[in-house]
Amino acid sequence: MNPFRSVGSLLAAALALVVAIALGVVWIVVVPTLERNLTNAKIDQQARRATAVAKRFPVFSFEHPEAAGPKEIQNWAAENAALVNTRVVVYAVQRRGDSPLLRVRGDSEDLSIDVADDPTATRAARFGRTTSAVATRDGVRYAQVAVPIRKTNAVVLFASPLEDTVASVRQVKRRLLVAGALALGIAVLLGFGAASLFARRIRRLERAADRIAGGRLDDPVVDGGRDEIGQLAEAFERMRTQLARLDHARREFIANASHELRTPLFSLGGFLELIASEDVDEETRREFMSTMQEQIQRLERLATDLLDLSRLDAGQLSLDVEPVDMARVAEELAEEFAAVALSSEHPIEVAAADGAVEALADETRTLRIGRALLDNAIRHTPEGTAIRLSAGRVNGRAVLSVEDAGPGIPPEQARHVFERFHRGDGGHASGSGLGLAIARELAGAMGGRVALQSRAGRTVFALELPSADAPFPRENGGVRTPS
Ligand SMILES: Nc1ncnc2c1ncn2[C@@H]1O[C@H](COP(=O)(O)OP(=O)(O)O)[C@@H](O)[C@H]1O
Ligand SMILES: [Mg+2]
């Protein structure tokens, strides 16, 4: 995987971006404001001092330099500059029409030339009021205040460099940069750290998914987290257990099915060998033939059952649903099994239904279920016991009951009789153990179920189906209900 596309890089980049944006905002908002405030404070301070100093301006010396001596103003400027720790320049203003002409009369720094046309002083002279501004000379910024002296044509300029303000701002900028760089570093580290924690868990899930995809379903998917990844892991685990269950069922089914197929094939093979050998008399040969016939029938039944089950599993069962007369189904079954019942001495009684009982179902499938139940009642009960078929209604559903007087099914076995390939032990068991499994699934596909009640001497299998004359006959249609 491209390392720049990893969750870690993305998270680190996102955090770094957030920090950078925060820093940028602080830079844009805070730095200029700070600079402005510091400068304003400096100018205010300058203005207060300037006003105080200007009050003591020696007007006489200024207006009569010949009487006071030419050095007087220069000295005053120098003394006061020292006092307020700022440069003091004194101008004489000559008015020529609109624009005043300024001439330096005294300068505490003796330079004079650089402040000759100072705009702050010029403005103070033009408008006759105290003016403050920031001026830049030779790349240095100054906080300046110019005060016009009342009743005379002098303007005094106070100028002090803003270097300490600039230094303060520079320091703040430097600290901001350092703090920002630190925060960026921490953000990137945190991003990678947090992401690597998640990435490790995600990779573990990825490995688990690969394992499951590769058919190794034994190792559970574990992740202790309670967050989304934890929930994902739980979903994975549910998927794994379900797949493991299905896989187990599939293997068991295949094993059972092949076993069921092999047994009759073996016996057929054995009989064929015996028949092929010379020393078998005609009567034994005929006996063998009839047994082989039985085995072939058993194989046929098994093939049909397996095909039905696979169709049921694939959900490809197409149902032809119509009103089915349950009493007629009972009679048809009794007729169909009359010969078998006679040979095994099971008298079959069909109880008359009181009124018509119509199910909304697929008739062929209903008969198929009835056959499985009746076949069991004959096959798994001793000779001579009676069987009773009846159609009726229970809880608004149409019911076909098959009742026998056999030994019954013990409760611990009753739980399993509907499972695929489950056969009770005992001499009578000769089927494949699929009859009841198919019956239950077919009934479920038609929105019904097969219920079992059994005690010694009385076993009732009841096929319950949606009734044709119920107010909402197909409310459960097509949905499999657990039976
Ligand atoms: N009427 C019944 N009386 C007693 N046992 C029964 C009856 N019906 C089913 N069983 C038991 O349930 C098992 C499963 O039945 P089924 O699925 O039809 O398989 P099979 O008939 O092929 O053995 C039977 O082997 C038998 O032990
Ligand atoms: Mg059976």
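Each residue takes its place number in the sequence, starting with 1. Just so you know, ligand 1 is whichever comes first in the structure, and atom 1 is the first atom listed for that ligand.
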Open item on the list: Give the atom numbers and elements of ligand 1 that come within less than 4.0 Å of a heavy atom of Phe461.
Closed with: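 Listed by number with element, the hits are 1 (N), 7 (C), 8 (N).
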Task: Tally of protein N, O or S atoms, where distance to the Mg ion (ligand 2) is under 2.8 Å - done: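 The number of such protein atoms is 1.
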TODO: Determine whether any heavy atom of Gly433 lies closer than 4.0 Å to an atom of ligand 1.
DONE: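 Checking ligand 1 against Gly433, which is what was asked, there is a heavy-atom contact under 4.0 Å.
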Open item on the list: With the threshold set at under 4.0 angstrom, would you say Ser432 reaches ligand 1 through any of its heavy atoms?
Closed with: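 Heavy atoms of Ser432 do come under 4.0 Å of ligand 1.
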Can you tell me which portion of [X] lies within the under-4.0 Å heavy-atom range of ligand 1? Options are side chain, backbone, both, or neither.
X: Arg379; value: neither
X: Ile409; value: side chain
X: Phe418; value: neither
X: Asp375; value: neither

Short N-O contact, [X] and [Y], less than 4.0 angstrom:
X: Asp227; Y: Arg201; answer: yes
X: Arg203; Y: Glu206; answer: no
X: Glu441; Y: Arg311; answer: no
X: Asp375; Y: Arg371; answer: no

Within a reach of under 6.0 Å around [atom1] of [X], are more than 12 heavy atoms found that belong to other residues, nucleotides or ligands?
X: Glu322; atom1: CD; result: yes
X: Asp210; atom1: CG; result: yes
X: His259; atom1: NE2; result: no

Flag [X] as yes when one of its N or O atoms lies below 3.5 Å from any N or O atom of ligand 1, and as no otherwise.
X: Thr381; answer: no
X: Arg423; answer: no
X: Asn376; answer: yes

- [ ] Return yes if a side-chain donor-acceptor contact under 3.5 Å exists between Asp281 and Thr284, otherwise no.
- [x]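 Distance-only check passes for Asp281 and Thr284.
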TODO: Check Arg365, Arg368, Arg301 against Asp308 for a salt bridge (Lys or Arg N to Asp or Glu O under 4.0 Å) and give me the one that passes.
DONE: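 One option only clears the test, and that one is Arg368.
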TODO: Test Ile43 against Val134 for side chain to side chain contact (heavy atoms under 4.5 Å, CB included), laying out the working first.
DONE: CA-CA 8 Å; Ile43 289 176; Val134 174; 3.7 Å; yes
TODO: Applying salt bridge (Lys or Arg N to Asp or Glu O under 4.0 Å), name anything that partners Asp44, two or more places apart in sequence or on another chain.
DONE: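 With sequence neighbours excluded, Asp44 shows a salt bridge (Lys or Arg N to Asp or Glu O under 4.0 Å) to no residue whatsoever.
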